[in-house]
Amino acid sequence: MPALLEMRSITKTFPGVKALDRVTLSVRQGEIHALVGENGAGKSTLMKVLSGVYPAGSYDGEIHYDGALAQFRSTADSEARGIIIIHQELALVPLLSIAENLYLGNELARGGVINWHETNKRTEALLRKVGLTEPPTTLVDTLGVGKQQLVEIAKALSKEVRLLILDEPTAALSESDSQALLDLMLELKAQGVTQIIISHKLNEIRRVADTITVIRDGSTVSTLDATTQAVSEAQIVRDMVGRDMANRYPEREPRAGEMLLEVSNWNVWHPDHADRQVIRNVSFNVRAGEVVGIAGLMGSGRTELAMSLFGRSYGRNISGDVQLHGQPVNVSTVTGAIAAGLAYVTEDRKSLGLVLDETIERNITLANLPAVSSAGVLNMAEETRVAERYRAAMNIRTPSVFQHVVNLSGGNQQKVVLSKWLFAGPEVLILDEPTRGIDVGAKFEIYGIINDLSRDGKGVVMISSEMPELLGMCDRIYVMNEGALVGELSAAEASQERIMSLIVNTQENSHAIG
Amino acid sequence: MQSAETGTVRVQKNFGHYLKTHVRDYGLLFALIAIMLFFQVVTDGTLLRPINITNLFLQNSYIIVMALGMLVVIVSGNIDLSVGSVMGFIGAVAAVMVVQWHWPIYIAMPACLVVGLFIGAAQGYWVAYWKIPSFIVTLAGMLVFRGLSLWLLEGQSVGPFPSNFQALSTGFVPDIFGFERPTPNGTAVSAGIIAAGTIVWLSLRARFRKQQYGMETEPTAFFVARVTIVAGALVFVAYKLATFRGLPNVLISMAVLTVIYAFLTENTVIGRRIYALGGNQKAAKLSGIKTERLTFLAFVNMGMLAALAGLIYAARLNSATPKAGFAVELDVIAAVFIGGASMSGGVGKIVGAVVGAFIMGVMNNGMSIMGIGIDYQQVIKGLVLLAAVCFDVYNKGKQS
């Protein structure tokens, strides 16, 4: 079979980061091609290059599509050639009907007047193709996620798709919806639609994929042909995670002391969907001077666990016990959690961690203003002294502490957030993706700060999607999947393969049950 | 101290740069001066006559009082459209209490402020705890309290008030030195000099502190010019007032409130938290700040100040009318935005809001003296508001 798509030696650099490094991807006409890799390996970036989100010229390398060199300047360009992406977050307008969504931006209209009769008729035909029987006038809002996914595919079909790209299509679907979707993929394949599927669920990939390309750290690691040989999950996992990790983490000695934080039987339900349990019976603990990691894929519930613990900032119907130093503490409000000695450094520093249009100084003192004031009146001189102290201790690179944080680099912004929480004087810090979006040098500095914290006897919970980071930093790692802890590994026994197989196995088990 | 040194060096190097990045701070002061000079010329000197300066304060006092509260509300990321109606309603309540029920004013006035407080609480409750957009809650409030004033006054004007009630607005502080006219009023002159002296002292102290911490300080020439202009203007205005009837009572309440609110917003924990709330509500909440309660309090405070403004306005008019406070909320909001506050919250200063209110006030007054019709006045005020905010947005875009 000839190749429909060939991406040759694609390199894409962002300021300070090489996201893709000479990646090659070859997709044959009419096959289902799976793209796998860890979070941040570069899968999404590659698909953005392909679809023209990053226009031709902003990357190096060549894309050959349908036998000719393709230079897409926008997504409209690539869509016109039949390349359509269905993103993980669905791009449907909830309060419009199925038909309206299907033809949004592509309305069947003459002189600006929409022909509703034709629109609904064609929609009906498209819905039948993807196995939906809903009337075209149904509001998308009233459909479940699985059916919304099918509507997205119908939308792609309405544009005469030749290459359909599905980004984690089953991540939010139930078992039966997932099966239906996979069946549809096979049916579309029979009709000649070439497809690329990005997924973490290896069993699903084995079911539908003809070829599997593994990407790691922005490079193609291997391309496995599943039509000629059987591909084992172990093989895929090994290719996904095997990487060199020498000297990327500062030296540290484990020095776990007395028990600090104990969480038991923590349960949380989704804030909008009362019947969806997000955290299931989670129990974990942290000792003084210990760095404890929580590993898991995106959407496994790590952030939800942390935020629900920190003053019930996420979720509803929260239940469970929290003890600090063996004493029960009330963490039902953020103020209470801070008073009890908890701090939560968010994964989303720009929208949840910082007041961007304020100075470094004012951000650092924000969580502990009483410490720089008396009788409610601020002592500005003391505030500046505090800020200067953290600037020096954290090595925040800035001309002055009166600089607005919006002007700082990601690494320095993260140091400001860390300063804020250290100034609040916590005993246990929950760090959620503490090195996301910052460069290698700043990462190393952040690791140093974390080690200093544990040396000072603080307990650190580190949530990260980067497994090497967890392996390099943590004394103990909990593995989380689908809202539950599925394993606990000591530093000695932990490896990327073991973590990944814990995650994959539980997914298989849950499928077996489903 | 090394940082202090680098601070001074940078300042001297970047004279022009400083002006560029702080154009907003100076722009507001210059705009006020330019507008005053303009009207001084075109009105043949009427604008700065003692009687007119006195009138300027009397006419704008209630706008400034409400601008203080509105600044806090807008900084917190909300808006209050009901203040004009609330102000009118409180005037009506006062008229009923004082004129119809013959309550003594030392009971009626606090009672009115308490009513204002409850009105603010009633609106703030929905905004803070039910997350109803403030635009909608206060739009509703605007209609409700306009209607309630009509109902309370039965569509009639109610008055006159006893003279001790009127004194709130139209009274003057007696001369402590016992000077008789035409000798300038001693209280006013000495108050002007004390105020000017305080400004000079505070500015010097702030400047010294900034240098000590290596903060960017303004170039010396700018600093001297700015402080001289502000202090000089204070003395000048005080002298002018002294040659008429002295310090109006309402100027005292205005000045005291301005100082209190400037201190509250800039020097206290609660003030800082309101800026953080407006700057990034989620981050503020995750930093342990009780964002709901602060939003609620911002509205309670606004209600109380709107009530005070209502009392001042009724005392000045010497009657409560169903039309009192009509469309005043727009002048108040305009003053705050002209003063540099941001619609999205987190940005704005009390002093800016007060200067913004004066800019609006001088324009109203000057155009009226010139005999410009109310129709054109509205058009011009509207364009000035648009220009001020465009200027802000343009500057911000250039800086980032």
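Computed from heavy atoms alone, side chains included, the values below leave out hydrogens, waters and symmetry copies. The shown structure was predicted, so the numbers you read here are calculated from the model rather than taken from an experiment.
- Residues B/I289 and A/V334 form no side-chain contact, since every pair of their non-hydrogen atoms from C-beta on lies 4.5 Å or further apart.
- Within the model, atoms OG1 of A/T335 and NZ of B/K285 stand 8.5 Å from one another, a figure rounded to the nearest 0.5 Å.
- Within the 4.5 angstrom heavy-atom criterion, no atom of A/T333 approaches chain B.
- Near-neighbour residues of residues 268-276 of chain B relative to chain A, defined by a heavy atom under 4.5 Å from a heavy atom of that chain, comprise B/T268, B/V269, B/R272, B/R273, B/Y275, B/A276.
- Heavy atoms closer than 4.5 Å to chain A are found in both the backbone and the side chain of B/L286.
- Contacts between A/R362 and chain B at a heavy-atom distance below 4.5 Å involve backbone atoms as well as side-chain atoms.
- Atom CZ of B/F263 is surrounded by more than 12 heavy atoms from other residues, nucleotides or ligands within 6.0 Å.
- In this view, A/A371 and A/N368, A/F423 satisfy the side-chain contact (heavy atoms from CB on, under 4.5 Å) rule, not counting sequence neighbours.
- Under the salt bridge (charged side-chain N to carboxylate O under 4.0 Å, His left out) criterion, A/E433 pairs with A/R302, A/R436, sequence neighbours left out.
- For A/S58, the side-chain contact (heavy atoms from CB on, under 4.5 Å) partners are A/K12, A/Y54, A/P55, not counting sequence neighbours.
- Most heavy-atom pairs under 4.5 Å with chain B: of the set A/V417, A/V377, A/V406, this distinction falls to A/V377.
- Across all their heavy atoms, A/M380 and B/N267 have their closest contact at CE-OD1, 3.1 Å.
- Within the 4.5 angstrom heavy-atom criterion, only side-chain atoms of A/K420, from C-beta onward, approach chain B.
- Taking CG of A/L378 as the start and CD of B/E266 as the end, the distance is 11.0 Å to the nearest 0.5 Å.
- Only the side chain of B/K290 comes within less than 4.5 Å of a heavy atom in chain A; its backbone stays farther off.
- Annotation: B/R293, atom CZ; neighbour count of heavy atoms from other residues, nucleotides and ligands within 6.0 Å does not exceed 12.
- Looking only at side-chain heavy atoms (C-beta outward), B/N280 and A/L354 stay at 4.5 Å or farther from each other.
- Interface residue A/S351: only backbone heavy atoms are found under 4.5 Å from chain B.
- Atoms CG and OG, from A/N363 and B/S287 in turn, are 8.0 Å apart once rounded to the nearest 0.5 Å.
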